[in-house]
Amino acid sequence: VSAKRRPADTILVVGAGLRGLTAAATLAERFAVQVVERDSHPGGASNVEEPTVTRLLQECDRAGVRLRLNETALGWRDGRLVISGPRTVEWVTAAGIVLAGGSRPSTLAELGAHGDRPAGILAAPAAIALLRDGARLARMPLALGSGSWAQAASDAFRQSGAAVCQVSPDPGDRITVHGQERVSRVTIEGDKLRLMIECDLLVLAARPVPMRSVQGAVFAPTPSALFLDGPLQPALSGDEIICRTRAEARRFPNALDLPSFRTSL
Amino acid sequence: MRLKDAYDVVVIGGGVIGTSIAARLSQTTVSVCLLERASDLCEGTSKGNAGVTVASFAAPDSLEGQLVKESFRRWEDISERLDVPFARVGALVIALEKPGLDPTAGEAHSRADALELEQIAAETRRFGSDARVLSGSEARALEPHLSPLVSAAALLPDEGIIDSIGLVFAYARLAALNGTDVIRDCRVTGFDRDDGRLARVHTTRGTTSARFVVNAAGLQVGEVSRLASGDRLQPTPRHGQYWVLDPEWESSPSRILIPLRGPAPQTRGVQIVPTTRGGTLIGPTSEDTTDPADTSTHPARAEFLISEARKLLRDQLRPAPVIKSFAANRVVVGEQSLLLRPDTTIENLIHASNRAIGVSCSPALADHTLQLLRDAGLRAEERNGATDQLPSAPRLRRQIARTSETASDGEPAATVFGSAVCACSQVGEAEILEALEGPTGALSLDGVRKRTGAMAGRCQGTLCLRDIAQICSRRLGCTLGELLMTPEPLPTPSTSRVG
């Protein structure tokens with residue numbers, strides 16, 4: 001164990017996507033860095049070309065970053081992160097963590113939706129992954145949203161032979177789910193328009209929010225946690241994202257002006 | 001599982017009342033089956049409640065009061081034996097100053113409230129629980145997020161919180177372990193009578209003979225009685241809606257908060273309840289309705305819940321992060337909140353139902369039902385070899401809580417609980433697999449959600465649903481499509497999609 005590996009010199013990065021790997025490579029100039037990734041491979045959900053990820057991985061590798069694949073970060077408490085692996089639970093002390101879990105579509109509650117709670121409601125990332133697994137999920141799904149999740153879900157369902165309907169609700173629209181056993185229709189009511197859409201699956205793909213699942217590092221901004229997650233402007237190129245992420249990582253752990261996220265009532 | 005030709009007791013209804021009775025009967029020498037008309041247990045009223053175990057909240061001299069009194073000390077033991085998360089967190093019944101009153105009227109208001117709190121405390125003491133009244137500042141010292149308008153509060157230290165859905169499955173597992181046939185997707189369609197007694201039970205899964213029948217059908221309690229030509233019981237569904245808030249909500253109280261004056265009398269009003277999974281519930285609303293199948297949630301009721309909860313809390317609170325809203329219908333039969341008696345004409349039929357505190361009554365209610373059956377002629381002896389314990393579930397969440405103090409830094413501790421599948425609720429693969437085991441195991445994703453809490457956290461399964469679907473499909477031997485397309489959606493796409 002080298003002197004560099006003391007807990008005070010360790011930073012843990014949660015998520016091995018574009019921003020997580022960039023932060024890891026940048027922070028490795030000053031700290032011992034470990035990257036915890038739930039998936040079996042790095043890269044995340046970023047739509048960035050393979051060579052960019054490969055380049056970042058090489059940079060991380062040269063800087064001695066430890067990549068922990070197939071492990072899930074679950075909680076951050078008193079300067080310790082608990083990490084769950086296939087057969088282990090481990091607590092790791094660190095000077096700080098970087099949350100780079102990407103983004104996810106809003107849930108029904110976050111969209112302010114009400115009505116029945118039947119089967120047949122899936123978040124777009126889960127639906128897309130299941131379609132990739134070869135599952136037949138729906139004949140006439142409704143994709144709710146307009147961004148990349150909605151587009152990817154619509155494309156995937158269209159390829160599977162389903163008749164997809166895609167609708168993007170405006171903020172403030174009232175969304176109501178109908179169906180006793182399984183979802184049968186969704187109504188979307190705005191000031192001027194009322195849509196009633198028959199469907200056999202509701203795919204949630206609207207209003208992306210940060211994907212945060214590390215207890216203790218969800219809402220409260222603390223000097224020891226850097227949030228590099230959440231939706232990005234679609235116009236940003238991979239290089240621009242990397243450039244911005246490097247700048248934020250360089251200021252950490254001294255950055256106190258941390259973005260906060262919450263869905264409120 | 002198939003229905004056998006004959007049972008000593010047929011219990012109808014797989015909610016907390018039916019399963020607690022089946023679990024109790026399974027420890028005796030009688031043969032028992034439990035019938036549930038839905039495809040899974042715990043689908044009706046028992047699926048949607050606050051998970052509170054009360055230590056009073058019933059007339060002390062009523063049978064319901066007696067059941068509460070006999071039950072509330074037993075939760076630590078039950079929690080230990082059946083491995084159901086429980087915590088005796090206590091409750092505060094809260095009185096608020098009324099803004100806008102002149103000082104004299106304000107003082108009179110507070111005095112009246114204080115008197116009422118004293119009565120609640122005195123009544124709770126009659127249950128053998130050591131309740132007392134606190135001043136507003138004493139209450140705020142216990143719960144720092146309480147509103148400055150809190151003038152006084154009754155501290156009820158014996159109220160608790162429990163995983164109330166977990167309790168139903170634990171009762172059912174215990175019954176099954178002791179030989180009870182638990183049969184789901186099995187609706188009672190009629191009875192044969194023989195000399196004024198029920199002789200045979202017809203179901204969608206065949207017919208069986210029964211020496212005794214327990215009607216614990218919840219919202220269908222009236223329908224089952226009608227099929228038996230028994231008493232006219234006409235339950236009114238009472239709609240109750242809740243919010244589930246994020247475990248990371250900074251203003252989460254550590255005790256159950258109950259308003260002294262809710263908007264509706266005869267109810268506990270809108271409570272703020274910590275849950276055994278670390279989150280917070282706000283609810284319920286309370287509105288009589290006509291359709292027992294309607295468990296929809298409404299935005300107006302959701303707003304009402306938040307505004308009621310805010311009255312109890314400091315207004316500089318950060319907004320509440322919501323995870324989901326849900327609703328269920330309670331069972332209101334007549335004036336009494338408890339129905340536990342033999343039918344007035346059919347001597348081998350027992351009706352058992354409760355409006356609001358079925359969980360809290362269930363341990364003693366099961367004992368009393370056994371006694372009613374014995375009084376009616378059932379010979380049920382305690383059986384040697386029957387178990388009253390369940391093996392503990394492989395909960396990753398629990399291991400994390402345990403190792404948080406003891407683990408050495410950076411040294412991986414071995415776990416048999418599998419890697420985390422659901423990160424939000426800290427559920428590992430072993431717990432998912434366990435939820436799929438045995439005659440009371442989950443048969444759907446929703447079944448896994450109810451048993452483990454997986455997919456029920458902040459991201460509602462966005463991260464883990466696919467992995468859990470894969471595990472279920474492998475374990476249950478069905479395709480992903482079969483798992484996710486159930487119940488089968490509409491047969492043909494409709495041509496006009498937008499109306």
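We name chains A, B, ... by the order of the sequence lines, and we start the count at 1 in each one. Below, all heavy atoms of this structure are taken into account, side chains as well, without hydrogens, waters or symmetry copies.
- In this structure, B:R187 places its CZ atom where only 12 or fewer heavy-atom neighbours from other residues, nucleotides or ligands lie under 6.0 Å away.
- The shortest heavy-atom contact between A:S84 and B:L396 is OG-CD2, 4.1 Å.
- When each of B:C422, B:A423, B:G461, B:A430 is scored by its heavy-atom pairs under 4.5 Å with chain A, the top score falls to B:A423.
- Most heavy-atom pairs under 4.5 Å with chain B, from the set A:V92, A:D116, A:T107, A:L74: that is A:L74.
- Rounded to the nearest 0.5 angstrom, B:L484 CG and A:L201 CG are separated by 8.5 Å.
- A donor-acceptor pair under 3.5 Å links the side-chain atoms of A:R38 to the main chain of B:V421, judged by distance alone.
- Interface check for chain B: of the options A:P125, A:A123, A:G85, the most heavy-atom pairs under 4.5 Å are formed by A:G85.
- For A:D191, the CG atom counts as loosely surrounded, since its 6.0 Å shell holds 12 or fewer non-hydrogen atoms of other residues, nucleotides or ligands.
- Counting heavy-atom pairs closer than 4.5 Å to chain A, the top-ranked of the candidates B:T403, B:T295, B:D446 is B:T403.
- When all heavy atoms are compared, the tightest approach of B:G481 to A:A135 is N-CB, 4.3 Å.
- With a threshold of 4.5 angstrom between heavy atoms, B:Q470 approaches chain A through side-chain atoms but not through N, CA, C or O.
- For a residue to count as touching a neighbouring chain, one of its non-hydrogen atoms must lie under 4.5 Å from one of that chain's; by this rule B:A469 touches chain A with the side chain only.
- Counting all heavy atoms, side chain and backbone alike, A:P105 lies closest to B:T462 at CD-CG2, 4.2 Å.
- With rounding to the nearest 0.5 angstrom, the OG atom of A:S106 is 12.0 Å from the CD atom of B:Q460.
- With a 4.5 angstrom heavy-atom cutoff, A:R174 touches chain B only via side-chain atoms.
- For the atom pair CZ (A:R104) and CG (B:L463), the distance works out to 10.0 Å, reported to the nearest 0.5 Å.
- Within 6.0 Å of the CZ atom in B:R37, the count of heavy atoms belonging to other residues, nucleotides or ligands does not exceed 12.
- Counting heavy-atom pairs closer than 4.5 Å to chain A, the top residue among B:G457, B:C459, B:A302, B:G418 is B:C459.
- Here the closest non-hydrogen pair linking B:S404 and A:R77 is OG-NH2, 2.9 Å.
- Closest non-hydrogen pair, A:S213 versus B:R458, comes out as CA-NH1, 3.8 Å.
- With a 4.5 angstrom heavy-atom cutoff, A:L108 does not touch chain B via any of its atoms.
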> What do the steps show when you test B:D246 against A:R212 for salt bridge (Lys or Arg N to Asp or Glu O under 4.0 Å), and what is the final call?
Replying inline: CA-CA 12 Å; B:D246 200 292; A:R212 291 195 185 152; over 6 Å; no
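- A:R136 contributes no side-chain N or O that, together with a main-chain N or O of B:M485, makes up a donor-acceptor pair within less than 3.5 Å.
- Atom CD1 of B:I400 is separated from atom CD of A:Q215 by 9.5 Å, given to the nearest 0.5 angstrom.
- At a 4.5 Å heavy-atom cutoff, the contact between B:Q241 and chain A is made by side-chain atoms alone.
- In this structure, OG1 in B:T479 is found 12.0 Å from CG in A:D133, a value given to the nearest 0.5 Å.
- Between B:S325 atom OG and A:R117 atom CZ the span is 6.0 Å, to the nearest 0.5 Å.
- Heavy-atom distances place both the backbone and the side chain of A:V89 under 4.5 Å from chain B.
- Considering all non-hydrogen atoms of both residues, A:G216 and B:E248 come closest at N-OE2, 2.6 Å.
- Contact of A:L122 with chain B is made through the side chain alone, with heavy-atom distances under 4.5 Å.
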